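Take a look at the structure below.
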2 protein chains.
Amino acid sequence: MKKQQQLYKGSLNTIIMKLLEQQGKMYGYEITQKVKEITQGEMNITEGALYPALHKMEADGFLDVEMDRVDGRIRKYYKLTESGVKETISRMEELENFIRNMQTIVNPNLKLDY
Amino acid sequence: MKKQQQLYKGSLNTIIMKLLEQQGKMYGYEITQKVKEITQGEMNITEGALYPALHKMEADGFLDVEMDRVDGRIRKYYKLTESGVKETISRMEELENFIRNMQTIVNPNLKLDY
DNA sequence: CAAATATACATAATTTTTTTATGCATCAAA
DNA sequence: TTTGATGCATAAAAAAATTATGTATATTTG
């Protein structure tokens, strides 16, 4: 039983948006599996966090939805809107700044080229 | 007016602990100034988050407090306990995992040596 | 073939962690 | 003398998760 990686709160939307940017369109369950696969099980997106997040981003105009029936089961495919693409870029910059700042705090002697 | 860097929720305690590990002991206000200085104003630790966090870590046995009067003003110096040192190490590992996983998600083509 | 597991969505209650808004007090500088 | 910096603190609200459920279909396994 591998130890579960904590997900810093606020990073979930960034993860979702970035995956959608890469994959074009994805459905909820697919996103949870993709994250698990990429991180080799270290990160786990819970459905209780995922679905409300998707609904909110849709309400905010960042995502478009398209329903699909596959093997008798419903899938809701999400993709970025134009506004969502911009938001993704903005969130990526924030993530990079966060990582850079954290690394500076954590490793103050390290010289970084930016 | 520079744009304020968002602080992912959950990272505050890690920041505080890592600074205490480096500096030996610090007081609250000093921590806010140090973070501002290191990140060149990009990150701002609010006092409404800082003081409750310090109190909680003290209650959890991660920090020891020592009062001091300087220039007629009270300072509360915090330092890591033995248990706090362990917790700092553990939180640092979590941070490194988080960063590594986020970079893998964000830049899936990049090959990293770990 | 029955039961367990995987797929696929969803929501409600709770918890965690922060922001925002205050409040009090001392000291230095303008 | 009043403004800004220093230094602590708490309360209300907001944000964003976790945990616990619930429903339903498909597939695998004993």
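Heavy-atom basis, side chains included; hydrogens, waters and symmetry copies ignored. Values in this document were obtained by computation on a predicted structure and should not be read as measured data. A note on names: the letters A, B, ... follow the listed sequences, proteins ahead of strands, and every chain is numbered from 1.
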Worksheet item: Over how many whole Å does the gap from L54(B) atom CG to dT18(C) atom C1' extend?
Response: 14 Å

Worksheet item: H55(A) side chain N/O closer than 4.0 Å to the phosphate oxygens (OP1, OP2) of dT11(C)?
Response: yes

Worksheet item: Any salt bridge between E94(B) and R91(B), counting N to O under 4.0 Å?
Response: no

Worksheet entry | Check: K9(B) side chain, dA15(D) base, donor-acceptor under 3.5 Å | yes

Worksheet item: M67(A) has an atom CE; how far is it from atom P of dC9(C), in whole Å?
Response: 9 Å

Practice prompt. Show your reasoning for whether salt bridge (charged side-chain N to carboxylate O under 4.0 Å, His left out) applies to E66(B) and K25(B).
Written response: CA-CA 9 Å; E66(B) 183 196 316; K25(B) 64 173 187 176; 3.8 Å; yes

Worksheet item: To the nearest angstrom, how far is Q33(A) atom CD from dA8(C) atom C1'?
Response: 10 Å

Worksheet entry | Nucleotide dT23(D), atom P - distance to CD of E47(A) in whole Å | 16 Å

Worksheet item: Taking OP1 and OP2 of dC9(C), is either one under 4.0 Å from a side-chain nitrogen or oxygen of Y51(A)?
Response: yes

Worksheet entry | OP1 or OP2 of dA16(D) under 4.0 Å from side-chain N/O of K56(A) | no

Item to complete: Name the nucleic acid region contacted by E30(A), choosing base, sugar-phosphate or nothing; use a 4.0 angstrom heavy-atom cut-off, strictly under.
Response: nothing

Item to complete: Compare the minimum distances between each of dA17(D), dA9(D), dA10(C) and the side chain of Y78(B), then state the nucleotide with the smallest one.
Response: dA9(D)

Worksheet item: Is the side chain of E82(A) donor-acceptor paired with the backbone N or O of F62(A) at a distance under 3.5 Å, no angle test?
Response: no

Item to complete: For G48(B), answer base if it contacts any base atom (sugar-phosphate contacts may also be present), sugar-phosphate if it contacts only those atoms, and nothing otherwise; contact means non-hydrogen atoms under 4.0 Å.
Response: base

Worksheet item: Of P52(A) and V70(A), whose closest DNA chain C nucleotide lies nearer the 5' terminus?
Response: V70(A)

Worksheet item: To the nearest Å, how far apart are R73(A) CZ and dT7(C) C1'?
Response: 4 Å

Discussion item. So that I can tick it off, tell me whether E42(A) and K36(A) are bridged by a salt bridge, with the cut-off set at under 4.0 angstrom between side-chain N and carboxylate O.
Written reply: no

Worksheet item: How long is the line joining CG of D71(B) and P of dA28(C), in whole Å?
Response: 6 Å

Item to complete: Give L12(A) one of three labels, base, sugar-phosphate or nothing, depending on what nucleic acid heavy atoms sit under 4.0 Å from its own.
Response: sugar-phosphate

Worksheet item: Under 4.0 angstrom, heavy atoms only, what part of the nucleic acid is S11(A) near: base, sugar-phosphate, or nothing?
Response: sugar-phosphate

Practice prompt. Take atom CZ of R75(A) and atom P of dA6(C), then tell me their distance rounded to the nearest Å.
Written response: 17 Å

Discussion item. Nearest whole Å is fine: how far is dC8(D) P from Y27(B) OH?
Written reply: 7 Å

Discussion item. Is there a continuous path of hydrophobic side-chain contacts, each under 4.5 Å between heavy atoms, that joins L63(A) to I74(A)?
Written reply: no

Fill in: Toward the 5' end of DNA chain D, by each residue's nearest nucleotide, G72(A) or I45(A)
I45(A)

